[in-house]
2 protein chains.
Amino acid sequence: MRPVSTRSGASAPARLSRPERVAEAIKQFVVDEGLAPGDRLPGEADLIARFGMAKSTIREAMRILEAQGLVKTRTGPGGGTFVHEVSRTRARALLANYFYFKNLTIADIYQLRRALEPELAASLAGRLDDAALDALTANFAAYDRPAATAEEERAQHVASLRFHAMLAEHADNPLLSFLIDFMASILSEITINRGLYAPPNPELWRKGREYQKRLVEALRDGDADAARETMAAHMDTANALMQVQEARAIQDFLAH
Amino acid sequence: MRPVSTRSGASAPARLSRPERVAEAIKQFVVDEGLAPGDRLPGEADLIARFGMAKSTIREAMRILEAQGLVKTRTGPGGGTFVHEVSRTRARALLANYFYFKNLTIADIYQLRRALEPELAASLAGRLDDAALDALTANFAAYDRPAATAEEERAQHVASLRFHAMLAEHADNPLLSFLIDFMASILSEITINRGLYAPPNPELWRKGREYQKRLVEALRDGDADAARETMAAHMDTANALMQVQEARAIQDFLAH
DNA sequence: CCCAATTTGTTCGTATGTATC
DNA sequence: AGATACATACGAACAAATTGG
């Protein structure tokens, strides 16, 4: 898709401020000129001349583009404003802002994880090299024995979510990859900030860990069906573990 | 989740510009004070005093927040900067910017639609009121007979995507709702901008329409399983229809 | 190590635009 | 219509960062 106009109202009066108009014009310029990440945009002075506007106006436009993650700016000789590929981190943060105001529950997230994680697992079967598989295995070390303290339990939960983020990294489908990572990131954040982790349940903890190990084997063997089924079972287990928690709204957790 | 820092690097040196720091501080202020959409932030003069910075610096910070959709500003008496709930339109646009640089294919989108649309359908069974169901039915009018022209075919394709956006509106799960809408929006945009629609195939067209009608019936009857199965079949049909198209990268379509 | 050139970053004072009463 | 309260925009000067000699 082309860089999309960021206006809120679909059919609103379109009365944008000057910086907003400049930002839109520059986006269009990038598309029209076919500029790629790394390419340099005209400098401030140049833009001031082209648009016939004050420096502050141009600078505000740049901030808009920068906030969207579309450009980066550097000072000094050879500096300037450069087209930048929107980073995953930035996209995550911007999307998280949207859900900040929604009443997203743990159950909501797990509904999607249940549907998508098995899909990811299946698509990865037989497609990971040894280095990737070893990295996944190495991650198990972080939760290879029951947690002794709440602190440790928290760390283990985050580590087990990292397993999913690592899988997401290798997905061919950018949309699927982003989503899995996004959900793991949100769950991770909740865990860290508010101690959302299951009450100690060694049995479920053991099962979850075993599912992940079996999954890695299925991936190594290139068995897509086994990978899908194992991940599905893993998600069901994790979901059950989460259901123990009340489905408190995430905002209630974090927005004191 | 709390309004998330928008920095790119996870463990980067954290050297933010002043406007960026001010923007972060204001975000934190909103969270700490528990401000809700509609609440007024301190005025420019006030912020200049608090932060001890120049007007332009403060203004650039406001642009950053505005670009993220977190605030709106109004001029005049009683005006100022107000906390704003990030709109779906804005979130869509910001996320689309991320995928602009990825090589997202039609197949990628359909992989997720296939997994998520049935989930949505099932969760909606028996939960729509007559007005909503009637609106869905009314939408069929837009594609109740085979398209005569390419123009018409395009319009019909967009209308049938609108059916899914309408369903998304009613989802309880905000994440699921957003995603379905996002995907329909992207497919719609591609259709409009580049004429991506199936080559005339009356048989598949008829089947797709019939699936949607059967789906509405299942939703009316509160039959979740039927709704899920029907939507799954609908997605398979649509996917097959799309596979006829080569899986060209979306960017190739739109970024001339 | 310092100096000079280049480019963005920041400040301040002033003036204009806009909505409310 | 006029006064008021706010954001919006301008322009000139100065500061800071980076690069290369």
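Proteins come first, then strands; the chains are lettered A, B, ... in the order of their sequence lines, and each starts at number 1. No experiment lies behind these values; they were computed from the predicted model shown.
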Item to check | Chi angles and distances behind the side-chain hydrogen bond (donor to acceptor under 3.5 Å, both in side chains) call for B/R88, B/S177 | outcome: CA-CA 10 Å; B/R88 173 164 293 202; B/S177 178; 2.9 Å; yes
To the nearest angstrom, how far is [X] atom [atom1] from [N] atom [atom2]?
X: B/I48; N: D/dA7; atom1: CD1; atom2: P; value: 9 Å
X: A/E20; N: D/dT8; atom1: CD; atom2: C1'; value: 12 Å
X: B/D46; N: D/dA5; atom1: CG; atom2: P; value: 15 Å
X: B/M62; N: D/dA9; atom1: CE; atom2: P; value: 15 Å

Next on the checklist: For D/dA9 and A/R21 - does any side-chain N or O of the residue sit under 4.0 Å from the phosphate oxygens OP1/OP2?
Outcome noted: no
Next on the checklist: Strictly below 4.0 Å, N to O, side chains only: are B/R154 and B/E151 in salt-bridge contact?
Outcome noted: no
Checklist entry - Are the charged groups of A/R18 and A/E60 less than 4.0 angstrom apart, N to O? => result no
Checklist entry - For A/R40, what residues pass the side chain to side chain contact (heavy atoms under 4.5 Å, CB included) criterion, not counting sequence neighbours? => result A/F82
Checklist entry - Is the closest side-chain donor-acceptor distance between B/S17 and B/E20 under 3.5 Å? => result yes
Next on the checklist: Tell me if a side-chain donor or acceptor on A/R162 pairs with a main-chain N or O of A/H157 at a distance below 3.5 Å.
Outcome noted: no
Item to check | 5' to 3' contact window, DNA chain C with chain B (heavy-atom distance under 4.0 Å) | outcome: C/dT10 to C/dT20
Item to check | For the student: nearest non-hydrogen atoms of B/A142 and B/Q156, plus distance | outcome: O-CG, 3.5 Å
Next on the checklist: Counting primed atoms plus P, OP1 and OP2 as sugar-phosphate and everything else as base, spell out the protein contacts along nucleotides 11-21 of chain D at 4.0 Å heavy-atom distance: B, S or - for each nucleotide, 5' to 3'.
Outcome noted: B-----BBB--
Item to check | Full working for side-chain hydrogen bond (donor to acceptor under 3.5 Å, both in side chains) between B/T137 and B/D134 | outcome: CA-CA 5 Å; B/T137 302; B/D134 290 348; 5.1 Å; no
